[in-house]
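Here's the structure, in structure tokens; my notes come after.
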Amino acid sequence: MRSKCIPVLKTGIIAALNLCLIAFACFSAQAAPAENGAQQTISQYGSKGQEVTKIQQRLKAWGYYDGPITGNYGYQTTEAVKYFQRTHGLNPDGVANAATLAKIGLPTGTSDSSSANSSNSGNFSDSDYQLLARIISAEARGEPYTGQVAVGAVVLNRVEHPSFPDSIAGVVYQPGAFTAITDGQINEPISESAYRAAKEALNGSDPSGGAIYYFNPDKTSNKWMRTRPVITRIGAHLFCS
């Protein structure tokens, strides 16, 4: 009898061990997302650190934040983030969540390095940046800062659009595309705000909502342009698809 019981006993022990291993594996698989979620932190009121510093630096460069660069996420930073979120169609809760950080052009815990770096800036040269700032200044000098960013975004949207040239220079100098080319405004000194707007547009900001056209309804006599579907109005410009 003993020789028959021992194999049965061993089989029972092995089965119990296997069940324990399976249970441990299931527990580990369930615990992993929570552990990863803990790493997917966001910056908000009370946060401190390098990410907060970068948020402040970028928002300050783009005109949303006028406080000191401290690395501390306080009232001024919260209000600046809310201002940025409202401008970009995000929920203005003042929390630098994944969607907000992506618009700012900073990596987040929810994205890998390739998707987190959604900025266009790495695809363009300094001469592209200079030309983008120049056309923004020439076309939108005197417009609200958000409107200047939107003009830059239209240029970049055209670069990506199959109906337009595939470079900033090609878009800017396409015959008849911009009045600033024909009236000489392109040669005027570049405003400081246009440089900031160009940087923000290159970093992925698009207040135009994806527009590929814009015009001033008080000045244009182009009947075809007036037939374009309007996406939004910023300052004196209507932005259209």
So do the side chains of [X] and [Y] get within less than 4.5 Å of each other, counting heavy atoms only?
X    : Y    : value
Q76  : P68  : yes
I135 : V151 : no
F84  : R58  : no
E51  : L101 : yes

Can you tell me if CG on D66 sees more than 12 non-hydrogen neighbours from other groups inside 6.0 Å?
no

Option from R233, R228, E139 for which side chain to side chain donor-acceptor pair (under 3.5 Å) with Y214 holds
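Per the side chain to side chain donor-acceptor pair (under 3.5 Å) rule, the option paired with Y214 is E139, out of R233, R228, E139.
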
Taking every non-hydrogen atom, the tightest pair across [X] and [Y]:
X    : Y    : answer
A150 : I234 : CB-CD1, 3.8 Å
Y195 : A133 : CD2-CB, 3.6 Å
P207 : T146 : CB-CG2, 3.5 Å
A180 : A138 : CB-CB, 3.5 Å
C240 : V230 : SG-CG2, 4.1 Å
P165 : G170 : CG-O, 3.4 Å

Determine whether F124 and L156 satisfy the following criterion, side chain to side chain contact (heavy atoms under 4.5 Å, CB included), listing intermediate values before the conclusion.
CA-CA 10 Å; F124 297 101; L156 297 177; 4.0 Å; yes

Side-chain ([X]) to main-chain ([Y]) donor-acceptor, under 3.5 angstrom:
X    : Y    : answer
T78  : G74  : yes
Q56  : T70  : yes
N157 : A211 : yes
Q57  : I69  : no
S191 : S137 : no
D128 : S125 : yes
H161 : S163 : yes
K60  : G67  : yes

Let me know which of V81, I55, N91 forms a side chain to side chain contact (heavy atoms under 4.5 Å, CB included) with T100.
V81

I would like to know whether V172 and R134 meet side chain to side chain contact (heavy atoms under 4.5 Å, CB included); could you show each step before the answer?
CA-CA 10 Å; V172 170; R134 182 170 291 280; over 6 Å; no

With K82, which residues qualify under salt bridge (charged side-chain N to carboxylate O under 4.0 Å, His left out), at least two apart?
E79

With rounding to the nearest 0.5 Å, note down the distance linking [atom1] in [X] to [atom2] in [Y].
X    : Y    : atom1 : atom2 : answer
Y129 : L202 : OH    : CG    : 8.5 Å
K199 : S205 : NZ    : OG    : 14.5 Å
H237 : T232 : NE2   : OG1   : 13.0 Å
Y45  : T77  : OH    : OG1   : 10.0 Å
I231 : L238 : CD1   : CG    : 11.0 Å
I181 : N187 : CD1   : CG    : 8.0 Å

Residues that E188 engages under side-chain contact (heavy atoms from CB on, under 4.5 Å), provided they are two or more places apart:
R141, Q185

Can V155 be reached from I190 by stepping across I, L, V, M, F, W or Y side chains whose heavy atoms are under 4.5 Å apart?
yes

According to a hydrophobic-cluster definition based on side-chain heavy atoms being under 4.5 Å apart (Ile, Leu, Val, Met, Phe, Trp, Tyr only), do Y145 and L90 belong together?
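They do not share one cluster, since no chain of ILVMFWY contacts under 4.5 Å joins Y145 to L90.
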
Would you call E192-R196 a salt bridge at under 4.0 Å N-O?
yes

Please walk me through it: do V149 and I136 pass side chain to side chain contact (heavy atoms under 4.5 Å, CB included)?
CA-CA 8 Å; V149 178; I136 291 172; over 6 Å; no

Can you name the ring-ring contact (aromatic ring centres under 6.0 Å, His included) partners of Y73, sequence neighbours left out?
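For Y73, no residue satisfies ring-ring contact (aromatic ring centres under 6.0 Å, His included) once neighbours in sequence are set aside.
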
